[in-house]
Every structure is written in structure tokens, then in C-alpha cells.
Colleague: 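Structure provided below as C-alpha cells; questions to follow.
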Amino acid sequence: MQTKEKLILPKMGCGTWAWGNRLLWGYDESMDNELQNVFNLCVANGVTLFDTGDSYGTGKLNGRSEMLLGQFSQAYTGANQENICIATKLAAYPWRWGRQAMISAGEASAQRLGKNVDLVQMHWSTANYLPWQEWGLLDGLADLYEQGKVKGVGLSNYGPKRLMKVYERFRDRHIPINTLQVQYSLLSTYPVTELGVKEICDELGIKLIAYSPLALGILTGKYSENGSVPQGIRGFLFKQILPGVRPLLSCLEAIAKSRNKTMSQVAINWCICKGAIPIPGAKNIAQAEQNIGALGWELDSGEVAELDNAAASTDKKMVQNIFQTN
């Protein structure tokens with residue numbers, strides 16, 4: 001087998017679910033210049049991992065996130081350029097059957113990006129509803145690595161039992177699993193505290209990626225049960241959750257004030273302290289600057305324990321991804 005290029009993963013990445021998503025995040029093509037600036041700022045500050053998916057982008061904008069990342073990465077010149085890592089997730093759509101479907105999906109992503117995918121990830125496991133569909137798709141994912149079309153392979157929304165099965169199958173082909181991505185934040189500790197994915201990842205040498213580290217914005221402190229909430233589906237969810245998370249938000253706010261940081265920065269830094277790579281989203285320069293401010297310092301063990309206790313005692317948690325397996 002040919003020598004593989006090594007993946008370089010930073011302490012924090014940038015999630016690009018919103019880049020092309022009109023329904024949930026209000027994307028519009030007029031935002032593209034700002035998004036290029038966000039990309040440039042992130043890379044210049046060492047935030048070189050960009051997480052996307054071939055299903056990101058609503059309606060006719062399907063695949064838009066990948067296309068934008070392709071344009072932005074090709075246009076960028078400057079610090080950390082050689083460390084840019086674009087990670088995409090290939091969806092286990094009902095109409096994708098067998099390994100060739102996954103190879104074709106990976107090639108289509110590479111075409112939208114204008115370059116090979118750096119890290120290819122299985123977006124979710126079909127174990128909960130069509131277990132017999134999954135192995136063919138995973139074999140195709142492994143084929144992309146064997147054929148030198150990707151630098152690394154990862155999984156998303158997998159629990160420890162399913163992860164071990166995939167790990168053993170890939171090990172027989174001498175294919176390492178680089179990353180596991182789960183929904184992980186102060187309001188979504190379930191994959192780590194109850195399923196125990198972090199221990200398994202550490203044992204197997206897999207890096208844990210935390211998506212939605214700000215719980216869709218609830219942990220930013222921008223929203224309150226009696227104040228403004230986002231429009232649409234997010235707003236409905238916020239109204240259900242916000243009344244039950246006051247103690248956690250108060251704890252976040254107190255630590256943020258004592259540190260001269262924002263609540264967002266503290267929530268992201270908590271993920272880093274837990275040994276995960278958080279991938280908060282950013283739609284504009286202000287949000288990107290906010291996220292970057294979570295780097296270069298660390299909460300102490302007492303502050304982490306305070307946040308852990310506040311998170312454990314909250315009445316409400318984030319809704320878990322329906323595709324998360326055990």
C-alpha cells in the first residue's frame with residue numbers, strides 16, 4: 001500500500017452546516033463573501049479543520065457547503081495553508097447501496113471541492129433501522145482510503161459497541177479510524193458520560209470531534225426564555241429547553257465574567273478540556289472571532305468540575321441525534 005499523507009487536526013475546527021442551509025440557518029448567496037472572510041480568518045488563526053457533509057445545503061443548494069469550501073480553500077493563501085483539512089460526511093441515504101455507491105459519493109464530493117477530501121466520514125450508522133445496508137457503505141468508505149482518494153477515515157454518531165465492530169472490520173484491512181464525531185456539549189454529555197465513547201476512542205487512538213458544542217446557540221447566552229429566540233424550528237426547541245437550563249447558564253456566565261471571556265468561549269473551552277475537538281459554526285466574522293477566543297487558554301480543574309456539576313443537574317438536555325447508536 002502506498003504511503004499515506006498524515007492528517008493534521010487542530011485543537012478546534014469550524015462546522016459548516018449553516019453554509020448553504022436556508023431552512024434552519026437562513027443562508028443566502030449574498031453571505032458568500034463574508035463566509036470567505038470567515039474561512040480566511042479561521043485558517044490564519046490555526047482553525048484549519050472544516051467539517052461539512054455531502055447533504056449540507058437545502059433544496060437546489062444541496063452540496064453548497066462543499067462547493068464553497070472548495071472555492072475558499074483554493075482562493076486562500078497565507079499562514080497554515082498547508083494544514084487545511086476538509087472533512088466531509090457521506091450520508092447513508094436509503095438509495096445508496098453497496099460499496100460502489102460510497103466510492104461514487106466520495107468522488108462527487110471531491111468534484112465539488114475541486115480536490116480530494118482530506119477526512120471522509122460515515123455521516124451516520126444505519127444499524128438502528130437497516131443494519132444490513134451499513135457494511136457495504138463502510139467497505140466503500142474503506143476503499144476510498146485504500147485507493148488513495150482520502151487521507152483518513154472517520155465515523156459520526158456511532159456509540160462504542162458499533163464503533164468496535166467497525167474498528168475490527170477496518171483493522172483486518174489495515175485501515176485506521178482517525179476520528180469519531182458525536183453531539184457533545186454541556187447540554188449533550190450523553191455520548192461521553194453514558195455511552196463512554198471517549199474511553200474507547202482513547203484506547204483505540206481515535207480523536208473525538210464534538211459537533212454542536214454550543215447546543216445550537218443555547219450556550220451563547222444570547223437567548224432567554226422571556227427574551228428573543230431564533231425563528232423557526234430552533235426557536236421552538238429553545239422554548240422547550242431554556243427554562244430548564246438556568247442554573248447551567250448562570251454558572252457559565254459567572255465563570256465567563258471571572259475569566260473576562262464570553263459564555264460561548266467558556267463552553268467551547270470546556271470541550272477542549274475534555275479532550276475533544278469542538279467544531280462550532282460561524283456565519284460571520286464576529287462569530288468566528290468569538291470562537292477563536294476560546295483558544296490559547298484553559299479552564300482549571302475546579303471550573304471544569306463546576307460546569308460538570310451544573311450540566312449534570314440541568315432539567316433539560318439537547319435532543320439526541322436519532323441516528324446515534326450504542
Side-chain angles (χ1 to χ4, degrees), residues 7 13 15 17 51-56 62 65-66 87-106 108-109 117-146 149-150 152-173 175-185 188-213 276-279 317-326:
L7 275 177
W17 179 21
D51 182 77
T52 184
D54 70 343
S55 61
Y56 286 1
N62 197 34
S65 176
E66 288 182 334
T88 202
K89 298 182 292 295
L90 303 182
Y93 287 129
W95 60 86
R96 280 186 179 156
W97 303 101
R99 60 206 303 169
Q100 186 53 51
M102 221 51 166
I103 294 170
S104 298
S109 287
V117 175
D118 296 307
L119 174 66
V120 70
Q121 305 157 97
M122 182 80 155
H123 205 152
W124 65 83
S125 167
T126 67
N128 290 342
Y129 61 100
L130 280 178
W132 47 272
Q133 180 197 15
E134 183 175 35
W135 290 119
L137 299 180
L138 285 166
D139 286 341
L141 211 66
D143 290 342
L144 286 166
Y145 180 83
E146 275 190 346
K149 293 175 178 173
V150 299
V153 176
L155 303 172
S156 181
N157 299 306
Y158 276 68
K161 291 178 185 172
R162 202 70 193 161
L163 171 61
M164 280 303 302
K165 289 182 189 299
V166 181
Y167 175 82
E168 287 162 6
R169 190 179 183 104
F170 278 21
R171 184 182 57 193
D172 292 342
R173 293 177 64 178
I175 294 170
I177 297 173
N178 294 92
T179 58
L180 171 66
Q181 185 174 150
V182 294
Q183 178 179 296
Y184 186 40
S185 74
S188 177
T189 57
Y190 171 78
V192 172
T193 56
E194 293 184 44
L195 292 182
V197 295
K198 184 66 170 61
E199 287 85 353
I200 297 291
C201 284
D202 289 348
E203 185 185 320
L204 301 179
I206 296 169
K207 196 66 189 173
L208 189 70
I209 295 176
Y211 74 79
S212 204
I277 300 174
I279 49 170
K317 306 283 185 186
M318 279 298 289
V319 178
Q320 288 302 303
N321 192 306
I322 58 169
F323 295 117
Q324 175 67 51
T325 61
N326 291 326

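None of the values given here were measured: they were computed from a predicted structure. Numbers here are sequence positions counted from 1.
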Colleague: Any chance you could lay out the side-chain contact (heavy atoms from CB on, under 4.5 Å) test for Y158 and M122, step after step, and finish with the verdict?
Modeller: CA-CA 9 Å; Y158 276 68; M122 182 80 155; 3.6 Å; yes

Colleague: Answer yes if the side chains of E134 and S125 hold a donor-acceptor pair under 3.5 Å, and no otherwise.
Modeller: yes

Colleague: Verify, without hydrogens or angle tests, whether T325 (side chain) and G159 (backbone) share a donor-acceptor contact under 3.5 angstrom.
Modeller: yes

Colleague: Quickly, which of R173, Q100, K149 forms a side chain to side chain donor-acceptor pair (under 3.5 Å) with D143? Name it, please.
Modeller: R173

Colleague: Going from CZ on R162 to NZ on K165, what distance comes out if it is rounded to the nearest 0.5 angstrom?
Modeller: 6.5 Å

Colleague: For the pair W97 and L130, evaluate side-chain contact (heavy atoms from CB on, under 4.5 Å) and give the outcome as yes or no after the intermediate values.
Modeller: CA-CA 11 Å; W97 303 101; L130 280 178; 4.0 Å; yes

Colleague: Are side-chain heavy atoms of Y56 and D51 found at a separation under 4.5 Å?
Modeller: yes

Colleague: If we only count heavy atoms from C-beta on, is the T88 to E66 side-chain gap below 4.5 Å?
Modeller: yes

Colleague: Could you go through Q181 and I277, starting from their C-alpha distance and side-chain angles, then the distance that decides it, and tell me whether this counts as side-chain contact (heavy atoms from CB on, under 4.5 Å)?
Modeller: CA-CA 9 Å; Q181 185 174 150; I277 300 174; over 6 Å; no

Colleague: Here's a test for you: under side-chain contact (heavy atoms from CB on, under 4.5 Å), which of L204, V166, V197 qualifies with L180?
Modeller: V197

Colleague: Output the distance between atom CG (L195) and atom NZ (K161), rounded to the nearest 0.5 Å.
Modeller: 9.0 Å

Colleague: Find the distance between CE (M164) and CD1 (I177) and round it off to the nearest 0.5 Å.
Modeller: 9.0 Å

Colleague: Measure the spacing between CG of N178 and CD1 of I209 and express it to the nearest 0.5 Å.
Modeller: 9.0 Å

Colleague: Find the distance between CG (L138) and CG (L155) and round it off to the nearest 0.5 Å.
Modeller: 6.5 Å

Colleague: Under the 3.5 angstrom rule, does the side chain of D54 hit a backbone N or O of A91 as a donor-acceptor pair?
Modeller: yes

Colleague: Taking the side chain as C-beta and beyond, is there a heavy-atom pair between I206 and L163 under 4.5 Å?
Modeller: yes

Colleague: Applying side-chain contact (heavy atoms from CB on, under 4.5 Å) between S109 and each of V117, T52, L144, report the one that passes.
Modeller: V117

Colleague: Has the side chain of N157 got a donor or acceptor atom that lies under 3.5 Å from a matching backbone atom of V182?
Modeller: no

Colleague: To check you understand the geometry: which heavy-atom pair defines the closest contact between S212 and S185, and what is its length?
Modeller: O-CB, 3.5 Å

Colleague: Mind running side-chain contact (heavy atoms from CB on, under 4.5 Å) on Y211 and N321 for me, showing each step along the way?
Modeller: CA-CA 11 Å; Y211 74 79; N321 192 306; 3.1 Å; yes

Colleague: Can you tell which of V153, I175, D139 makes a side-chain contact (heavy atoms from CB on, under 4.5 Å) with E146?
Modeller: I175

Colleague: Please indicate whether K317 has more than 12 foreign heavy atoms, meaning atoms of other residues, nucleotides or ligands, lying under 6.0 Å from its NZ.
Modeller: yes

Colleague: Ring-plane angle category for F323 and W124, please: parallel below 30°, perpendicular beyond 60°, tilted otherwise.
Modeller: parallel

Colleague: I'd like to know if the side chain of T126 and the backbone of Y129 have a donor-acceptor N/O pair within less than 3.5 Å.
Modeller: no

Colleague: Quick one: does Q320's side chain have a donor or acceptor within less than 3.5 Å of a partner on Q183's backbone?
Modeller: no

Colleague: Quick one: pull up CD in Q133 and CG in L137 and give me the separation to the nearest 0.5 Å.
Modeller: 5.0 Å

Colleague: Can you tell me which residue among L119, V150, T179 is in a side-chain contact (heavy atoms from CB on, under 4.5 Å) with L7?
Modeller: L119

Colleague: Could you tell me whether the side chain of Y145 reaches within less than 4.5 Å of the side chain of P176, counting heavy atoms only?
Modeller: yes

